[in-house]
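Right, one structure below, let's go through it.
To find a chain, count down the sequence lines: A is the first, B the second, and so on, and within it residues start at 1. Source: prediction; values computed, not measured. The analysis underlying the following values was restricted to heavy atoms, covering all of them including side chains, and did not include hydrogens, waters or symmetry mates.
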Number of protein chains: 2
Amino acid sequence: MDAITSPPTGSAAQRIEAELRRAIIAMDLPPGTRLSEQEIAAAHGVSRQPVREALIGLARTRLVEILPQRGTVVVKISTRKMMEARFVREAIETAVARRAAEAFDPAARVKIDDLIDLQQKAAQRNAHGTFQRYDELFHIALAEGAGCPLAWEAVSDIKAHMDRACHLTLTSSETMLDLVAQHRAIMAAVDARDPDAAAEAMHRHLREILRALPKVEAEHPDLFE
Amino acid sequence: MDAITSPPTGSAAQRIEAELRRAIIAMDLPPGTRLSEQEIAAAHGVSRQPVREALIGLARTRLVEILPQRGTVVVKISTRKMMEARFVREAIETAVARRAAEAFDPAARVKIDDLIDLQQKAAQRNAHGTFQRYDELFHIALAEGAGCPLAWEAVSDIKAHMDRACHLTLTSSETMLDLVAQHRAIMAAVDARDPDAAAEAMHRHLREILRALPKVEAEHPDLFE
DNA sequence: TCCGTAATACTACCATACAAGATGGGGGCT
DNA sequence: AGCCCCCATCTTGTATGGTAGTATTACGGA
């Protein structure tokens, strides 16, 4: 089961980028953290060049901001941009859900049940990191089963940002189990071959996610811009 | 009027990436072309490092493919992926059009009329490159006016691929003028505050674009995978 | 005490050099 | 002849040194 643990992949630059991305989304590197090429390179036992390429990759997805000749910082969370991100993601994923309900790859269908079960176990253990990883795998499998894996690429970066914000809102085991139930509801509509219901279920799913964000912003204003 | 010519921006890596991206989309570098870090560096009078970073950036948007220790090539066009891309873009832009019809920034509204006029002139002159540039500016302005500039970021990479394919289909001045008319139709629905009509107009607009692609694939099989 | 100025200590950026892997061709062996 | 192995020559990947630019800080004057 390496579907969940796959850091040692390819070049040093890719490894470091994956590790930094994970750390940022998991809030191990909170918004505002200053990142130094030197320190990261020393910590990973490589030179500054691969680290630099990793940071450029992260800057492209807006997870960090590179200020020329000044430094690199983890970008702060913007509630406004989160709402825009949710809008875009909703547009894509409701369309995917609708298509999934019209025709779904049977082979991918059985895999999804396993993913949901594993995600539920992670939620019961209150294992935040693995929960989010299985959440991601669910959405990937849904897109692939619907026949548009490219849609996931478009959602991927957006979801990364949202996951980071969700790390503040998703604290209790109950809220995580709610999301699992919503996943099951989506698949129920897909199985029923009901496009409108599937889109509506996805719509409700995504609307829930960031509901608590404004409250969190009031509690941790330093993490927001 | 620098809105259309903005290559000399920032670092050497960014300049080179922008230049290569333009060349790839304009088919100056056809699919399958082998790109050598050495040659590009020599041609631009810089070292390999910035070129390398530029190629990494292009690889991230799937315009080129880097084969470790082997070489870098301009990716070939895939009709299947183009259809998937159109699906995703349609999902986003119809949602944007719907939102635009609900509320639109007046300041952005007047700018759009200018862009459409300029695009029409470019179509009449059969100036393919500038036509596509104004097409891009139109869609950007629409997203901004609708209040979700982030949506454009999600569409940007997808549109780049589609524009490359359109370079083969958009040959006559008439087809370009058709697209301009469709832009006007979209804005007419937006002005009428009719979300469904705006979404439908956008839908028709995007459906047209790749209609001729299969025929082109039969004519130039070497450009496709 | 406060402010303007200059030196200092960082940063990202670029150039150069080196290393590691992959390919293609040629020569020798079977 | 056909196959295999080795080597020359590409490629990308990594390491290191140096440069230009910015923020900070120390310092001298009012």
Side-chain angles (χ1 to χ4, degrees), chain A residues 6-24 28-76 222 225, chain B residues 6-24 28-76 222 225:
Chain A
S6 52
T9 174
S11 67
Q14 294 174 2
R15 285 199 316 273
I16 294 174
E17 178 176 347
E19 163 59 18
L20 287 177
R21 166 171 273 108
R22 186 209 60 74
I24 293 174
D28 293 340
L29 296 173
T33 305
R34 288 178 54 88
L35 299 179
S36 165
E37 291 185 0
Q38 297 258 26
E39 294 177 12
I40 299 173
H44 287 74
V46 297
S47 89
R48 305 193 322 268
Q49 208 58 44
V51 176
R52 171 174 169 74
E53 292 172 5
L55 291 178
I56 291 177
L58 294 174
R60 185 168 293 268
T61 63
R62 302 280 198 277
L63 280 178
V64 306
E65 186 175 7
I66 299 177
L67 301 88
Q69 326 294 2
R70 291 207 284 161
T72 302
V73 297
V74 179
V75 297
K76 300 209 169 184
D222 53 314
E225 71 174 7
Chain B
S6 51
T9 171
S11 67
Q14 295 175 3
R15 287 200 315 271
I16 295 174
E17 178 177 346
E19 164 59 18
L20 287 177
R21 165 171 274 111
R22 186 209 59 75
I24 291 174
D28 292 340
L29 296 172
T33 305
R34 286 178 55 87
L35 299 179
S36 166
E37 292 184 359
Q38 296 260 24
E39 293 178 12
I40 300 172
H44 287 75
V46 297
S47 97
R48 266 184 50 211
Q49 210 56 44
V51 175
R52 172 176 170 73
E53 292 171 5
L55 291 178
I56 291 176
L58 294 174
R60 186 169 292 268
T61 64
R62 300 281 198 277
L63 280 178
V64 307
E65 186 175 6
I66 301 177
L67 300 88
Q69 327 295 4
R70 292 208 290 161
T72 302
V73 297
V74 179
V75 298
K76 299 210 171 185
D222 54 314
E225 70 173 10

> To the side chain of B/R48, which of D/dA15, C/dA17, C/dT11 is closest?
Replying inline: C/dA17
> Closest nucleotide of DNA chain D for A/Q69 versus for B/I56: which of these residues is on the 5' side?
Replying inline: B/I56
> Where the side chain of A/S36 is concerned, which of C/dT11, D/dT12, D/dT14 is the nearest nucleotide?
Replying inline: C/dT11
>> Tell me the interatomic distance from B/E53, atom CD, to D/dT12, atom P, rounded to whole angstroms.
In response: 14 Å
>> Whole angstroms only, please: what is the CD1-P distance between A/I66 and C/dC13?
In response: 6 Å
> How many Å lie between CD on A/Q49 and P on C/dT11, as a whole number?
Replying inline: 16 Å
> Which heavy atom of A/P31 sits nearest a heavy atom of A/V75, and at what distance?
Replying inline: CB-O, 3.5 Å
> Between B/R34 (CZ) and C/dA22 (P), how many Å, whole number?
Replying inline: 15 Å
> What is the distance from CD of A/Q38 to P of C/dA9, rounded to the nearest Å?
Replying inline: 15 Å
>> I'd like to know whether A/E53 forms a side chain to side chain contact (heavy atoms under 4.5 Å, CB included) with B/Q49, so could you lay out the CA-CA distance, the side-chain angles of the two residues, the decisive distance to 0.1 Å, and finally the verdict.
In response: CA-CA 10 Å; A/E53 292 172 5; B/Q49 210 56 44; 3.7 Å; yes
>> I need the CD-C1' distance between A/E37 and C/dT11, as an integer number of Å.
In response: 8 Å
> Whole-Å distance between D/dC10 C1' and B/R70 CZ?
Replying inline: 13 Å
>> Within the 4.5 Å heavy-atom criterion, are B/V51 and B/H44 side-chain neighbours or not?
In response: no
>> Could you tell me how far apart A/R52 (CZ) and D/dG17 (P) are, to the nearest whole angstrom?
In response: 18 Å
>> Is A/T72 close enough to C/dT11 that one of its side-chain N or O atoms is under 4.0 Å from OP1 or OP2 there?
In response: no
> For A/L35, which contact category applies under a 4.0 Å heavy-atom criterion: base, sugar-phosphate, or nothing?
Replying inline: sugar-phosphate
>> Please find the pair of heavy atoms, one from B/L20 and one from B/L29, that lie closest to each other, and give the distance.
In response: CD2-CD1, 4.0 Å
